[in-house]
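This report concerns only the one structure given below.
Chain identifiers are assigned alphabetically (A, B, ...) following the order of the sequence lines, protein sequences preceding nucleic acid strands; residue numbering begins at 1 within each chain.
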Amino acid sequence: MSFIYFIGLLLLVAVGFYFGRARAAGVERSTHLHSRPSYHGAFVVLSVLLPMLAVFVIGVPIADRIVEAQTVAALDPEVAADSLRRGGALREVYDVASGRSKAASPQIQRAADVYASVRGYAQMLILGTGLVLGLLGIAFGLRSLSARFRARNHVERVVKIVLLACASVAVLTTIGIVFSVLFETMRFFERVSPLEFLFGTQWSPQTAMRADQGGSSGAFGIMPLVAGTLLITTIAMLIAGPIGLFAAIYMAEYASPRFRNVAKPILEILAGIPTVVLGFFAALTLAPWIRHLGELAGLNVASESALAAGLVMGMMIIPFVSSLSDDVINAVPQSLRDGSYAMGATKSETIKKVILPAAFSGIVSAFMLAISRAVGETMIVVMAAGLAGNLTFNPLEAVTTFTVQIKTILVGDQEFDSAKTLAAFALGFVLFFFTLTLNVIALQIVKRYREQYD
Amino acid sequence: MTDIAMPTVRTADVASDQARARVRVRYRAETRFRLYGLCAIALTAVFLVVVITDIVIKGLPAFTQHRLVLPVKLDPAEIDPQNTRNPTVIRQGDFQAPVRDALRAIFPEVTDRAGRRMLDGLLSSGAVDRLRERVVADPQLVGQTISAPVLLSERADLYYKDIGTAISRRASRGTATPSATSGDITIFSTANDFAPDLITLKQSLSVKARAVRRDADSLRQVVRGLEVRRVEMTVTPPGATTPNTVLLATQIKQLEEEIASLSARVKELDDQAASMQGRFDTTDRPETLDSSGPSLLVAINGGVVKVTELSNGRVAGTVLLPLETMADAAAGRWEVVTYATPEANRKASDREVAWLERLREKGLVESAFNWAFFVTGDSREPELAGIRGALVGSAITLFVTLIICLPLGVAAAIYLEEFAPKNRLTEIVEVNINNLAAVPSIVFGLLGLAIFLNFMGLPRSAPLVGGLVLALLVLPTIIIASRAALKAVPPSIKEAALGVGASHQQAIFHHVLPLAMPGIMTGTIIGMAHALGETAPLLLIGMVAFIVEIPGGLTDAATVLPVQIYLWSDLPEISFQAKTAAAIMVLLVFLFVMNGAAIILRKRFERRW
Amino acid sequence: MHAMVHLERPAGSPANASNMATKVFARGVNVYYGEKHALKDVNLDVPERAVTALIGPSGCGKSTFLRCINRMNDTIPIARITGKIEIDSQDIYDPTLDVVQLRARVGMVFQKPNPFPKSIYENVAYGPRIHGFAKSKQDLDEIVMTSLKKASLFEEVKDRLQDSGTSLSGGQQQRLCIARAIAVSPEVILMDEPCSALDPIATAKIEELIDELRANFTIIIVTHSMQQAARVSQRTAFFHLGVLVEEGATETMFTTPRDRRTQDYITGRFG
Ligand SMILES: Nc1ncnc2c1ncn2[C@@H]1O[C@H](COP(=O)(O)OP(=O)(O)O)[C@@H](O)[C@H]1O
Ligand SMILES: [Mg+2]
């Protein structure tokens with residue numbers, strides 16, 4: 001049906017455009033037109049397109065609702081009452097109606113017949129309405145045309161609205177994220193108290209799945225995840241902070257253009273390596289090395305130590321820190337450098353005593369963005385960090401993080417509405433708002449920093 | 001003002017020794033600081049090189065594959081009993097049997113069930129796929145004997161890739177007499193040919209004994225510590241309440257159990273060490289070999305014997321490959337062979353190693369580029385698994401991403417850059433876009449799960465949903481890049497267009513947008529590269545399933561390359577590790593090509609206004 | 001005519017005329033920015049403890065010449081310098097000479113005030129600190145105070161030495177930069193249009209200050225304002241298109257210029 005509908009739509013659009021333009025061109029021969037003929041054509045196209053799309057977008061979901069309601073009504077009441085069995089029966093009905101399988105019972109057959117006929121009606125109705133409106137659109141468009149008709153202005157207004165709609169998708173995405181985590185989180189908090197969630201020191205959603213334990217077993221305390229995330233992020237920042245900053249300083253202040261041409265791609269390549277690749281390296285190469293080294297030193301290193309994940313994550317963030325810091329350092333005005341050099345300061349003295357203090361807020365914000373990045377990173381920790389919620393700050397032990405737990409809970413079979421599944425969304429909620437706060441503050445600082453030196 | 005007391009003028013002290021020393025110190029600090037910067041970059045470079053080298057080293061073996069070229073007799077009775085020569089019938093035919101027969105023909109002595117199963121195990125379960133296709137394409141082959149390359153199993157393939165064992169051979173000095181040609185036999189040597197092996201064995205025994213004793217000692221230490229604790233605990237602290245005592249009692253009990261089990265283990269270890277030491281001390285008794293040490297074999301009279309009992313001039317063992325005769329073998333005509341890796345630590349058993357070596361000696365093994373890796377889907381058998389499914393999945397997903405986010409992103413950028421009124425709302429939209437670019441990717445997965453799957457009811461594991469999620473994920477990147485590109489076009493261009501009477505939109509769509517296009521494309525390619533490497537959000541919308549079929553549409557269950565990498569990396573087989581690394585290499589190649597294209601585009605169309 | 005006076009001191013040159021020792025001695029200085037020949041064969045003697053003004057239309061190379069004297073051009077990668085510049089008969093482009101030490105002897109004040117984003121105190125203390133001139137905290141306080149006094153800024157800021165240098169007004173910032181420069185007791189102070197970003201009152205203060213500093217320092221100042229040159233300087237050098245056209249006692253230069261171009265510039269026909 002959709003296929004036919006859109007063929008019809010395309011056809012009407014083409015016809016509308018052709019006639020609109022031809023008619024305008026005809027008029028143009030005798031008088032001066034306000035808008036070019038193509039705009040007249042485009043106007044007709046819009047007067048076809050908009051109503052037809054509206055019919056489709058509004059009509060199809062409504063029709064689906066109605067068809068489903070009718071089909072369900074044709075099923076046995078007891079089947080219809082049970083949501084699980086209803087779903088199964090409906091699937092069967094669809095299969096029968098599309099001829100993929102034979103009806104297993106007369107009940108299904110009946111429902112399939114109802115389904116087919118109601119669906120047929122609904123589709124015919126949509127198709128008919130759409131085509132009629134499309135034709136009316138052509139008529140309306142053609143009638144509106146005249147020499148003085150400002151087709152272009154009308155078309156441009158629609159284009160502008162479309163552009164606005166596109167721009168609002170980003171906002172809708174944010175709203176979508178907020179709502180999708182917020183709702184499930186609220187439902188989660190109906191079962192587990194927020195205090196327990198935030199301050200509990202036990203994390204084991206698996207055990208809490210048993211009905212008798214419910215949500216009150218204290219297994220949903222996120223402190224171990226906070227500790228794990230903090231630990232790995234700290235390790236990562238201990239690596240990425242100094243290395244990234246020094247790399248940025250070198251690139252901005254010391255490097256010759258030739259050296260920069262070599263070094264910059266290195267950083268960019270590293271930045272472009274997917275984290276799943278780095279996770280593979282962390283889990284299969286670095287972690288065994290570290291364990292081996294630990295054995296040599298007589299230490300007991302977990303096979304999924306926080307250290308391996310943190311080190312590789314630090315490496316991942318280096319390009320991030322260095323490119324942000326590089327920008328920030330470059331924004332420090334040359335006059336400050338000149339002032340310092342003219343005093344007889346060496347380059348490093350100028351950097352340490354003038355440039356870095358001047359760029360301090362910018363660098364802080366770069367670090368904040370890097371931390372937010374580390375906290376939200378998933379694949380490296382999924383592959384190289386553990387699953388057990390250990391409340392520890394020992395980098396040689398296995399720890400787990402927010403992202404690992406979200407992934408673990410939501411991948412594979414999940415039951416809806418269980419506290420465990422909802423917990424993943426609650427974790428997502430915390431993660432989202434934590435990183436959001438960091439980002440907002442950091443971006444605000446950067447903005448003010450840039451204004452300061454503009 | 002002039003009468004301000006000017007202190008005596010001090011000129012800067014630059015010439016004294018002190019001043020010079022000071023300057024030297026400062027310059028040293030300068031050098032050091034500079035070195036830190038250089039080290040930081042060098043470290044980053046080293047890391048990058050290490051990662052890439054590690055992956056290439058791990059991944060390269062996956063690009064070759066070993067095959068056995070066997071003379072296969074295509075018996076019509078097994079393949080096409082009715083003699084139809086009809087391709088559909090032939091496709092149903094049993095190709096397994098003729099291939100197995102061909103292999104068994106090489107080792108006719110293998111008649112026992114276990115042996116045969118082991119022999120069949122050298123071949124991949126998908127060994128005959130190619131052969132079948134070949135015969136289906138050319139039915140005339142039925143009834144003939146053709147030389148067909150068949151795929152080896154993972155363990156055989158790995159063995160040939162040198163992940164098996166190091167093999168050393170030592171020529172003999174004496175004449176050897178075997179007692180039989182098959183079964184369990186003994187071999188006498190006239191020149192104590194086996195003495196060196198016996199010495200090695202005894203030495204390793206002593207080393208092991210020492211290690212075991214050390215273990216036992218450290219365990220003893222632990223036990224002692226636990227005992228002290230127990231004593232401390234039994235002395236009840238004064239004023240202890242009842243629940244505490246109960247708790248204490250259970251703890252003490254636990255402790256005692258632990259002590260008991262550890263003590264038993266200590267004794268076990270002590271015994272072990274003693275027996276090893278005893279074996280080391282007695283020189284005259286023959287030693288038995290087990291799978292925990294290197295394997296010792298004797299290659300004699302065209303056969304191979306696995307040694308199970310060893311003394312200076314005599315060995316007893318099992319025949320792995322039958323001897324041709326029972327005749328004496330002269331010095332130099334027979335060899336003592338060692339498989340260095342203990343049998344317990346490798347996948348291929350001694351018998352398999354003997355077979356595989358024999359096959360290689362016969363020149364039946366060939367190694368070829370593993371094209372199958374690119375043209376097959378996922379599989380549970382490492383030697384059959386390929387990335388085609390993931391590649392196609394990635395392509396479909398990226399296609400969806402591209403057709404959604406490019407128009408959307410460019411339109412949004414045009415609106416924000418050119419039409420948006422400068423007010424609070426626009427500011428909020430901008431802040432929002434910048435923040436969206438920094439939202440963790442897994443959160444987009446939550447969005448996809450909650451909105452696209454649960455709310456809108458779109459199918460799980462579908463490239464359509466994956467593409468949608470990735471489109472939202474890279475949308476901010478594309479908007480930001482497009483805005484930058486639009487901003488880089490000087491206003492004079494637009495003004496010129498407006499000056500000749502173009503409308504605002506005409507000026508933008510006719511003049512500004514085309515000039516900004518290279519920049520927009522560069523940003524888009526970089527965004528797409530980002531999307532190609534993205535994994536986490538796709539895990540949440542179910543693109544992690546084990547999917548063998550190549551996806552053909554927007555709603556087929558599919559996976560993508562990075563997710564395939566993640567899935568394989570979790571598998572224990574060592575060949576899957578190689579496959580993972582190989583898939584990573586493919587992914588990286590794609591990413592390099594995309595980023596390279598972006599750079600070239602930027603260089604080529606870069607305009608200095 | 002210029003070709004003849006190359007390497008020996010020209011007769012009637014300032015050093016001889018007014019019995020002032022030559023502090024900075026430049027011969028055959030050429031500067032190239034990549035391909036661009038920005039300064040052509042400049043010869044100039046700058047007398048000690050006097051103010052020498054460099055004037056000329058913009059882009060003629062005044063700043064370029066000034067920056068040669070403390071080798072600030074070293075910080076521009078594409079800049080290339082030939083010729084000879086001596087301070088107290090010591091070649092400052094001698095490879096064994098340390099540029100860091102040179103700059104401690106030759107201070108500089110820039111066109112736009114560029115205080116570091118630190119406290120007023122730290123701004124002034126910066127130079128003595130990096131050069132290790134102060135033995136103790138008292139010593140440093142002393143240097144900061146006298147420098148601020150010499151720069152006529154002390155009275156205005158003595159209560160807020162810990163405030164940020166950027167919180168001062170433009171004129172105060174420029175005086176802070178002067179204080180910063182003199183805190184290391186340089187022998188020469190280079191000033192590149194120090195008043196061009198300031199209002200008339202702030203300008204007057206700086207000019208007054210320059211006049212006072214003359215007693216202790218050799219000052220070379222680039223200025224766009226003829227009046228300023230006349231007010232503060234004893235000697236004036238006129239640059240045009242990278243060439244030093246004419247130089248001499250300020251009074252003579254403004255009353256009886258020898259070169260046609262100088263006359264045109266002074267009377268405002270171009271520039
Ligand atoms: N950093 C530089 N790079 C390239 N050219 C420069 C640079 N600085 C100055 N120039 C050029 O050198 C010439 C002299 O400049 P400058 O000495 O700054 O002139 P003034 O200070 O007299 O106005 C000008 O033409 C200018 O364009
Ligand atoms: Mg200048």
Side-chain angles (χ1 to χ4, degrees), chain A residues 245 249-264 325-366 444-454, chain C residues 63 66-67 69-78 98-119 122-133 147 164-166 173-174 176-186 188-192 197:
Chain A
L245 187 56
I249 290 172
Y250 194 87
M251 296 286 270
E253 300 290 329
Y254 287 106
S256 66
R258 273 215 0 246
F259 184 86
R260 232 196 315 268
N261 280 343
V262 177
K264 224 178 165 93
S325 310
D326 197 349
D327 290 350
V328 163
I329 290 171
N330 276 323
V332 173
Q334 181 64 28
S335 68
L336 288 185
R337 293 186 181 84
D338 283 350
S340 178
Y341 293 144
M343 302 291 303
T346 62
K347 222 161 188 171
S348 63
E349 284 160 354
T350 304
I351 294 166
K352 280 186 279 195
K353 304 226 170 96
V354 176
I355 297 180
L356 290 185
F360 184 72
S361 65
I363 290 171
V364 166
S365 79
Q444 209 57 36
I445 295 177
V446 174
K447 199 169 150 207
R448 217 164 309 138
Y449 172 79
R450 294 210 177 283
E451 280 162 5
Q452 179 191 342
Y453 290 125
D454 259 353
Chain C
S63 303
L66 203 64
R67 291 164 66 92
I69 298 171
N70 69 345
R71 291 182 54 179
M72 275 302 276
N73 280 330
D74 290 12
T75 62
I76 302 174
I78 55 167
D98 179 34
V99 60
V100 162
Q101 284 177 303
L102 169 72
R103 288 184 192 147
R105 291 167 59 198
V106 185
M108 185 159 185
V109 177
F110 296 83
Q111 178 171 3
K112 231 181 96 209
N114 56 351
F116 303 135
K118 302 175 168 218
S119 71
E122 286 298 324
N123 260 284
V124 181
Y126 180 71
R129 272 226 178 96
I130 57 173
H131 291 292
F133 286 168
S147 306
S164 168
T166 49
Q173 285 189 8
Q174 194 62 300
L176 177 60
C177 291
I178 294 175
R180 190 175 71 187
I182 56 187
V184 286
S185 310
V188 182
I189 301 178
L190 311 173
M191 299 188 177
D192 193 348

Taking every non-hydrogen atom, the tightest pair across C:Met108 and A:Ala342 |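 Smallest interatomic distance, heavy atoms only, reads CB-CB, 3.7 Å.
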
Please report the shortest heavy-atom distance between C:Phe110 and A:Gly339, naming the atom on each side.
->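 Minimum heavy-atom separation between C:Phe110 and A:Gly339: CE1-CA, 3.6 Å.
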
How many angstroms lie between NZ in C:Lys118 and CG in A:Leu336, if you round to the nearest 0.5 Å?
->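 It is 10.5 Å, given to the nearest 0.5 Å.
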
Kindly compute the distance separating CE (A:Met343) from CD1 (C:Ile130), expressed to the nearest 0.5 Å.
->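 It is 6.0 Å, given to the nearest 0.5 Å.
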
Against chain C, label A:Ser256 side chain, backbone, both or neither, depending on which of its atoms sit under 4.5 Å from a heavy atom there.
->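 Neither part.
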
Contact winner vs chain A - C:Met72, C:Arg129, C:Lys112, heavy-atom pairs under 4.5 Å |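 With the most close heavy-atom pairs to chain A, the winner is C:Met72.
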
Look at C:Gln111, C:Arg180, C:Glu122 and state which one has the largest set of heavy-atom pairs under 4.5 Å with chain A.
->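 Heavy-atom pairs under 4.5 Å are most numerous for C:Arg180.
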
Side chain / backbone / both / neither for [X] at chain A, heavy atoms under 4.5 Å:
{"X": "C:Pro77", "answer": "neither"}
{"X": "C:Val99", "answer": "neither"}
{"X": "C:Tyr126", "answer": "side chain"}

Enumerate by number any residue of residues 345-352 of chain A whose heavy atoms lie under 4.5 Å from heavy atoms of chain C; in the absence of such residues, state 'none'.
->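 Checking residues 345-352 of chain A against chain C gives A:Ala345, A:Thr346, A:Glu349, A:Thr350.
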
Which residues satisfy the salt bridge (charged side-chain N to carboxylate O under 4.0 Å, His left out) test with C:Asp74, sequence neighbours excluded?
->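 Checked C:Asp74 against salt bridge (charged side-chain N to carboxylate O under 4.0 Å, His left out); matches are C:Arg71.
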
Residues which pass salt bridge (charged side-chain N to carboxylate O under 4.0 Å, His left out) with A:Lys264, listed by chain and number, not counting sequence neighbours =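 Checked A:Lys264 against salt bridge (charged side-chain N to carboxylate O under 4.0 Å, His left out); matches are A:Asp326.
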
For atom CZ of A:Phe259, decide whether the heavy atoms of other residues, nucleotides or ligands shown that lie under 6.0 angstrom number more than 12.
->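 Yes, CZ of A:Phe259 has more than 12 neighbouring heavy atoms, counting only those of other groups under 6.0 Å.
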
Set of residues satisfying side chain to side chain donor-acceptor pair (under 3.5 Å) with respect to C:Thr166, sequence neighbours excluded =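 C:Ser164.
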
